Number of protein chains: 6
Amino acid sequence: MEMGKTRVLAAASYEPRVPRFLHGTGKGWVSAEYSMLPRATEVRTPREVQQGRPSGRTQEIQRLIGRSLRAVTALDKLGEVTIWVDCDVLQADGGTRTASITAGYIALALAVRKLRERELLLDDPLVDHVAAVSAGLVDGEALLDLCYEEDARAEVDFNVVMTGSGTLVEIQGTAEGQPFSRVQLDQMVDLAEKGIGELVEIQRRALA
Amino acid sequence: MEMGKTRVLAAASYEPRVPRFLHGTGKGWVSAEYSMLPRATEVRTPREVQQGRPSGRTQEIQRLIGRSLRAVTALDKLGEVTIWVDCDVLQADGGTRTASITAGYIALALAVRKLRERELLLDDPLVDHVAAVSAGLVDGEALLDLCYEEDARAEVDFNVVMTGSGTLVEIQGTAEGQPFSRVQLDQMVDLAEKGIGELVEIQRRALA
Amino acid sequence: MEMGKTRVLAAASYEPRVPRFLHGTGKGWVSAEYSMLPRATEVRTPREVQQGRPSGRTQEIQRLIGRSLRAVTALDKLGEVTIWVDCDVLQADGGTRTASITAGYIALALAVRKLRERELLLDDPLVDHVAAVSAGLVDGEALLDLCYEEDARAEVDFNVVMTGSGTLVEIQGTAEGQPFSRVQLDQMVDLAEKGIGELVEIQRRALA
Amino acid sequence: MEMGKTRVLAAASYEPRVPRFLHGTGKGWVSAEYSMLPRATEVRTPREVQQGRPSGRTQEIQRLIGRSLRAVTALDKLGEVTIWVDCDVLQADGGTRTASITAGYIALALAVRKLRERELLLDDPLVDHVAAVSAGLVDGEALLDLCYEEDARAEVDFNVVMTGSGTLVEIQGTAEGQPFSRVQLDQMVDLAEKGIGELVEIQRRALA
Amino acid sequence: MEMGKTRVLAAASYEPRVPRFLHGTGKGWVSAEYSMLPRATEVRTPREVQQGRPSGRTQEIQRLIGRSLRAVTALDKLGEVTIWVDCDVLQADGGTRTASITAGYIALALAVRKLRERELLLDDPLVDHVAAVSAGLVDGEALLDLCYEEDARAEVDFNVVMTGSGTLVEIQGTAEGQPFSRVQLDQMVDLAEKGIGELVEIQRRALA
Amino acid sequence: MEMGKTRVLAAASYEPRVPRFLHGTGKGWVSAEYSMLPRATEVRTPREVQQGRPSGRTQEIQRLIGRSLRAVTALDKLGEVTIWVDCDVLQADGGTRTASITAGYIALALAVRKLRERELLLDDPLVDHVAAVSAGLVDGEALLDLCYEEDARAEVDFNVVMTGSGTLVEIQGTAEGQPFSRVQLDQMVDLAEKGIGELVEIQRRALA
């Protein structure tokens, strides 16, 4: 998936096992992993495997992607299987976590389709679409889908995850410099809502 | 600090050095660390040192506390020093991350006062209060400051960080089960605003 | 438990499993963990989780606490369960390892009492009290229960663990500077014996 | 670069520093890193960052790629700079290490060209081309550039690295099942020589 | 085993288990580990346990020793047992990996003999001898079994592993400086073949 | 050094640097490391490098050896250099930590002699001999220098470190089963004193 100059490669994999806390519950799991190639960024970023562990930022993003995808999946319809969604950023220009959610959903939906064709899955566990977008206040102006250069200048940084039917799954807003008002909160959610609507439309076309 | 049955011990420490990316900038840093004692929880939680690294959850919380405290600190007035804020949870009954922010601010303010008395700091770097509260939708009802048992049942989980003057520093809302509407988002922020106002009052009295 | 300015929070937890080497033996285990909050010390000590593992000092102390508590526990009367004793130092002013043993015994005894009330344990596995004290030679003089400032100046450093009936469980004596004579060894053990007698009395009152 | 179904993304990055053992020598360094995306393989491979370190296989390959590229680089003409060559396998169907060398050379040559254009490099440090190919004995027959299915069946597995002028940089031959004779060694090197000649031709066209 | 000033202590151990991928196959495994004492080298080398993991070089050598020993072992005659071969270098003066293979074979053969005496093994799983030698081009001249000082000056570095019947198990040739020609490749293999013949003779006498 | 069937290889190495806490003090340091080869024991023990860190037991032993050697070294006469003493156990049959101290002293004394010959050291920093011995109560009887089989049966386990002039450097006594009396403590120290006297005699002859 490409959004601006950001390119994410998403892939879903099937594993006939669940994490320990789900043993014997009949429920499945959707787990996400996220990584950036070292030269996805303009200046090379050292690989996290060299530090011996995923960074705090990577773990935070992985948990966000996983939560978002599980929010539209009926885990009890999966049975005791795990679907892994890998989001690897080949090129990064802002919004890699939100692009990963939007792309991850498509990979998940294609995997579900394949599993149903092979009759490894009887019911469709996906109850809705899910997509995400970043927004921010730059020089007092609300902007959607910030590129790296805008993101670095943003006073407030928003990530919004919504379903295809327009309900909220996750909202994260952080003041990098100046705190923000409730009016600005509303502007940003308005903007995000519009952007996500368009992304869900793109997902629908991609899956058709 | 005690909030309900949750007890957090916050301590601020002074170190006359800054992280590498601030060398030579004249700016200081506020860094937070968070941990729970193994028996803070009803059932013993293994220590993270045994796994060899802070969990993703711990890192996410540490980053949140640090960001929140920096949002009300004029880093250029600190000079090239770091203030470490340690938040150790002695007893946990929900809302440990928000209690850590509220208690961490008091520790930070007391440390600033002491540093000014010793003339290690000339100007007051604190530009405002900061406090935080958790909120959630439980059985469709918006509740403030959830205890563990309510938190486990909540459909939507909110953490809101605000300044003493009522602007937003951070907002995080996550649908654990059902996605939520914009009306519910507004209800939750209303509730949080009210709660944070009271906490800032408590901070004022504690610092007086 | 407070000894001078040293404050240790001890907690015992029950786990219905034993380490692998005890599977099928019918015996239980008592395991101890020890940690200091970063600001237990006058100058902040970095958390060990940041280094990725307990330090050599921490591991040595944990092993000592565990051995001492097991010395007064009939493991075959526990059945195949583990009792975890967590000793967390909130404030450190010398003698944290010996205070942890003395406090850990109280936590263990209270846990045993509760397990017997709940009929999870039929017989009392505790065969005696156990308590510990530090001693040292400072400027040629034998002192009991050294505070941090004395400990730093001590030529010889002793930790003695004894039962309620006055037999020795563990004795560790280390010459930090000058080696010591057998006469001095005897003086130090005399002193420790007296101190431990008083601590056992305190334990009895706390458990009454 | 694509070779059969194997796809490798190679990127070269410039860093104005050298490893410690080269400080003050006036020489530069070429360092390579190698990784596979988890779904590069037919069945998902867990990320090495989850195990906390690069596997033995990954380290072996990284060292091979680095050595091969340095064999055609006059390090004293680089000055004290490091060129990082990252080889990330997007899709794996055999021969990923040899494809990484061949692709890595192109990335290195393009980087050198760019650095010379920007006058960060005065002389051309590249003294020759370098490329690599895998070969193997499958059912007694010598084959070039084995795909995964052939590789799994191969009795003998060869990797040969040669320069554009036909001299050998590295030869690695491993009997997976049956040991091999010197006649078979000769056949395999003949075959590799021919294949590498073609790859160097492809490199020339790509760089033209 | 001593080769020149290089001294390797090899020991084989029996474990009645196999790695997971062999469960239920009826086949056994031969696994090798390699390590150098810190003062095996003229200048002390820090222990790898301090870095938290075997270095890339150590892992590469361990894999090579294991592969070489398995090449002459009929794994299906072992049954589901693992034989561990530990090669510890007490003194290092070049050729430690090849000396480890040659010594490791003797340890393996002695272990097999003992297991057959104790009737833990019915058939002899060893189908041939295996031994290894290093060779190199130093100042244009082909040399066998390089000592450390020669090795450091070598333009090309070869490790050859052959069976008692003269077939090749592994060949690794690396140009450290100047690439090498096929004529030089042939010279080096000739030399290695002769050296390995003598080593196999020494193994026969040691085992007689 | 061989004591019974226990064999320890001790080596001392010189490094012209000190740990950070000694920078600028003019004092040196003596640091010890300890390891067992995997087959030093009757049943193979996995290497600690595979677990990623030295075990608690290894760290405890390393600290003991280092402390014991420093107790007879005038660190201010060393200058800012470190002497590393490596104790590697080739064969283990009880008492490996005490044998390491006794052997480590010889290695340290030989290193000091060599450094003085090379005029890297002006004064002799060694103020006395140091040696160590294990003792224990087995079936109620006090025994010296326990072998593995006795050690496993011992009720009380003692390690005593003394100087050549008969003063105590370290005493560690642990009740593995039954606690012990002060009479038994005296018996054990008597026994150790006698044994250490003989070991110091052996050291004198070895260094003559």
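Only a predicted model underlies this, so the values are computations on that prediction, with no experimental measurement involved.
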Where does [X] contact chain C at under 4.5 Å (heavy atoms): side chain, backbone, both or neither?
X: F:Q62; value: neither
X: F:L185; value: side chain
X: F:N159; value: neither
X: F:S55; value: backbone
X: F:R53; value: both
X: F:T163; value: side chain

May I ask you to check whether [X] and [Y] show a side-chain donor-acceptor distance below 3.5 Å?
X: F:E48; Y: F:T58; answer: yes
X: C:S165; Y: C:D128; answer: yes
X: F:E15; Y: F:W84; answer: yes
X: C:Y105; Y: C:S68; answer: no

Contact leader toward chain F among C:I171, C:V169, C:T167, where contacts are heavy-atom pairs under 4.5 Å: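 Counting heavy-atom pairs under 4.5 Å, the top option is C:I171.
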
Leading residue by heavy atom contact count with chain F [cutoff under 4.5 Å; candidates C:Q172, C:M162, C:R67, C:E170]: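 It is C:E170.
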
Can you tell whether the side chains of C:E60 and F:R63 come within less than 4.0 Å, N to carboxylate O?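 Salt bridge between C:E60 and F:R63, a charged N being under 4.0 Å from a carboxylate O: yes.
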
Check this for me: does any side-chain nitrogen of one of F:R182 and C:D186 sit under 4.0 Å from a carboxylate oxygen of the other?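 Here F:R182 pairs with C:D186 in a salt bridge, since their nearest N and O are under 4.0 Å apart.
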
Region of C:E193 in contact with chain F, defined by heavy-atom distances below 4.5 Å: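 For C:E193, the side chain is the part near chain F, not the backbone.
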
Relative to chain F, which segment of C:R57 carries a heavy atom at a distance below 4.5 Å: side chain, backbone, both, or neither?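 Both backbone and side chain of C:R57 come within 4.5 Å of chain F.
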
Among F:G173, F:P54, F:A71, F:S181, which has the most heavy-atom pairs under 4.5 Å with chain C?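 The answer is F:G173.
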
Answer yes or no: are there more than 12 heavy-atom neighbours, outside F:R204 itself, under 6.0 Å from its atom CZ?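 Atom CZ in F:R204 is packed in, count exceeds 12.
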
OH of C:Y14: more than 12 outside heavy atoms within 6.0 angstrom?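 Yes, the 6.0 Å shell around OH holds more than 12 heavy atoms from other groups.
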
